[in-house]
S.K.: 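Sharing a structure, written as structure tokens. Questions coming.
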Amino acid sequence: MRTFIVWMAGCLVVTLMVPVAMAQGWNMPVGVTDVSREVHSLHMTIFWICVVIGVVVFGVMFYSLFRFRRSRGAESANFHEHTTVEVIWTAIPLLILIGMAVPATATLSKMYDPSDADLDVMITGQQWRWRYEYLGEDVAFTSSLATSREQIRGAEARDENYLLEVDEPLVLPVDRKVRFLLTSDDVIHAWWVPELAVKQDTIPGFVNENWVRINEPGIYRGQCAELCGRDHGFMPVVVHAMEEEEFDAWLVERKEAAAQEAMGVDREWEMDELMERGEGVYGNICASCHQPEGQGSPPAFPALAGNQQLIEDVEWHLDKVINGVSGAAMPAFRNTLNPVEIAAVVTWTRNAWGNDTGELVQPAEVAERLAD
Amino acid sequence: MWNVVKSVLAAFFGVQKEDRRREDFEQGRAGAFIAVGILMALVLVLLVALVATLVAR
Ligand SMILES: [Cu+2]
């Protein structure tokens with residue numbers, strides 16, 4: 001009896017360690033999606049079933065080993081079969097397995113249903129970074145490790161999110177169904193974020209699907225979970241979940257930035273290019289009022305050719321074109337022309353028809369003004 | 001024939017009485033067990049497929 005109590009006490013201690021481990025954060029996270037909650041509760045249910053089975057089976061086994069040990073004169077029984085017992089110990093595990101399979105299958109079929117998504121994001125694994133593409137939104141970027149070399153070498157203290165920081169996180173909205181299409185450019189990677197209960201292989205030549213509907217805004221971190229070469233440990237995943245309005249604003253901003261980049265706002269333009277483009281814009285838009293040769297038709301429409309104030313003051317010139325003249329027929333072009341077109345037409349009017357200022361206005365300067 | 005089916009079912013389940021096993025080995029024909037075994041395996045596959053489609057709907 002004493003040994004039995006000792007064994008049972010031992011089992012109890014092991015069992016009680018579980019809540020301690022969970023409090024320490026050693027367990028899998030509950031996560032922030034309905035699916036991740038289900039996965040967690042399945043995991044805990046099955047875990048406790050295993051604990052009970054373990055306690056019963058090992059309890060009986062160790063008890064028998066000690067209670068009926070040879071030094072106390074135990075003789076082994078010598079029987080061969082016992083059909084009833086065999087049927088029972090086959091049927092019970094069968095029922096337990098079916099009992100676990102039913103809820104597990106229900107959750108699994110939910111996880112495999114990416115239909116009716118509000119947003120599609122293509123995730124591409126690359127040695128050793130992630131590329132994110134918001135399909136149909138013209139927004140795409142690469143997300144790479146942001147932890148400093150010094151920290152990696154150990155020359156600097158390692159911070160809390162060591163190797164779990166990126167330059168540009170994947171930004172997602174909460175409360176919307178986001179479908180992931182996952183693939184790879186080179187070798188097999190796996191996109192894994194524990195808090196979202198998503199761990200999906202990205203395979204070259206295949207497109208896997210998965211989805212999330214995040215319930216809480218926040219930053220969720222993960223890693224590549226498939227050994228993919230030298231820097232496998234250096235391609236973390238960071239998801240920044242935002243409130244819907246915040247996300248929409250972010251997306252618009254990114255779209256504009258992407259469009260500007262496509263137009264060449266960020267690069268340095270040559271005089272010739274700007275003049276050519278500017279002549280076109282002027283002819284299409286300004287010439288109807290200011291006349292093709294810039295002579296205008298005073299007093300209604302001022303001349304631009306030989307306009308002294310225009311020649312002397314770029315700022316003033318830009319302001320007129322961007323903001324227009326309220327109360328007069330000069331329209332504001334801040335929303336109808338893009339930064340490249342504004343820079344080009346201003347450059348053109350500052351250098352055509354004898355306005356030889358020799359000055360050129362870069363699209364980037366205009367973009368900066370427009371942003372104010 | 002019924003005995004063969006019962007023995008195959010017992011084999012699927014994994015538990016068989018020693019007397020019945022001996023009996024099968026003395027009197028049964030191997031071909032019958034193999035044929036019934038294959039047939040029942042097919043039935044099992046169909047059963048699982050049926051359950052899966054019912055659940056998936
Ligand atoms: Cu990888």
Side-chain angles (χ1 to χ4, degrees), chain A residues 34-35 37-39 41-43 45-46 49-50 53 56-57 60-61 76-117 177 179 197-198 200 208-213, chain B:
Chain A
D34 291 351
V35 167
R37 272 168 221 283
E38 274 185 41
V39 169
S41 81
L42 269 175
H43 168 259
T45 311
I46 292 170
I49 292 174
C50 294
I53 293 173
V56 170
V57 169
V60 169
M61 191 179 98
S76 57
N78 197 3
F79 65 91
H80 184 256
E81 60 162 328
H82 194 304
T83 315
T84 321
V85 172
E86 285 175 29
V87 166
I88 289 173
W89 80 40
T90 310
I92 290 176
L94 185 72
L95 292 177
I96 294 174
L97 283 178
I98 290 175
M100 296 195 298
V102 169
T105 310
T107 302
L108 209 60
S109 70
K110 250 183 240 174
M111 296 172 82
Y112 277 96
D113 177 20
S115 59
D116 299 325
K177 185 164 182 175
R179 180 167 68 140
V198 174
Q200 183 78 60
N208 282 332
E209 284 183 314
N210 212 310
W211 66 275
V212 290
R213 188 196 294 276
Chain B
M1 194 60 203
W2 179 235
N3 281 345
V4 177
V5 173
K6 274 205 291 191
S7 291
V8 170
L9 278 176
F12 274 25
F13 192 72
V15 178
Q16 174 69 300
K17 280 204 189 75
E18 177 62 17
D19 315 346
R20 303 232 357 116
R21 188 189 70 79
R22 199 166 288 143
E23 212 173 286
D24 285 344
F25 271 77
E26 277 158 11
Q27 295 166 12
R29 284 182 300 120
F33 287 102
I34 292 169
V36 172
I38 290 174
L39 218 73
M40 304 255 291
L42 284 177
V43 170
L44 181 71
V45 168
L46 288 177
L47 215 71
V48 171
L50 187 77
V51 170
T53 44
L54 281 180
V55 169
R57 254 204 321 211

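Below, read A as the first sequence line, B as the second, and so on, with proteins coming before strands; counting in each chain starts at 1. Excluded from the calculations below are hydrogen atoms, water molecules and symmetry mates; all remaining heavy atoms, backbone and side chain alike, are included.
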S.K.: Applying side-chain contact (heavy atoms from CB on, under 4.5 Å) between B:Val15 and each of A:Val87, A:Val85, A:Thr84, report the one that passes.
M.R.: A:Val87
S.K.: A:Ser109 versus chain B, heavy atoms under 4.5 Å apart: side chain, backbone, both or neither?
M.R.: neither
S.K.: Checking B:Glu18 side chain against A:Glu81 main chain: does a donor-acceptor pair fall under 3.5 Å?
M.R.: no
S.K.: Quick check on A:Ala91 against chain B: is it the side chain, the backbone, both or neither that has a heavy atom closer than 4.5 Å?
M.R.: both
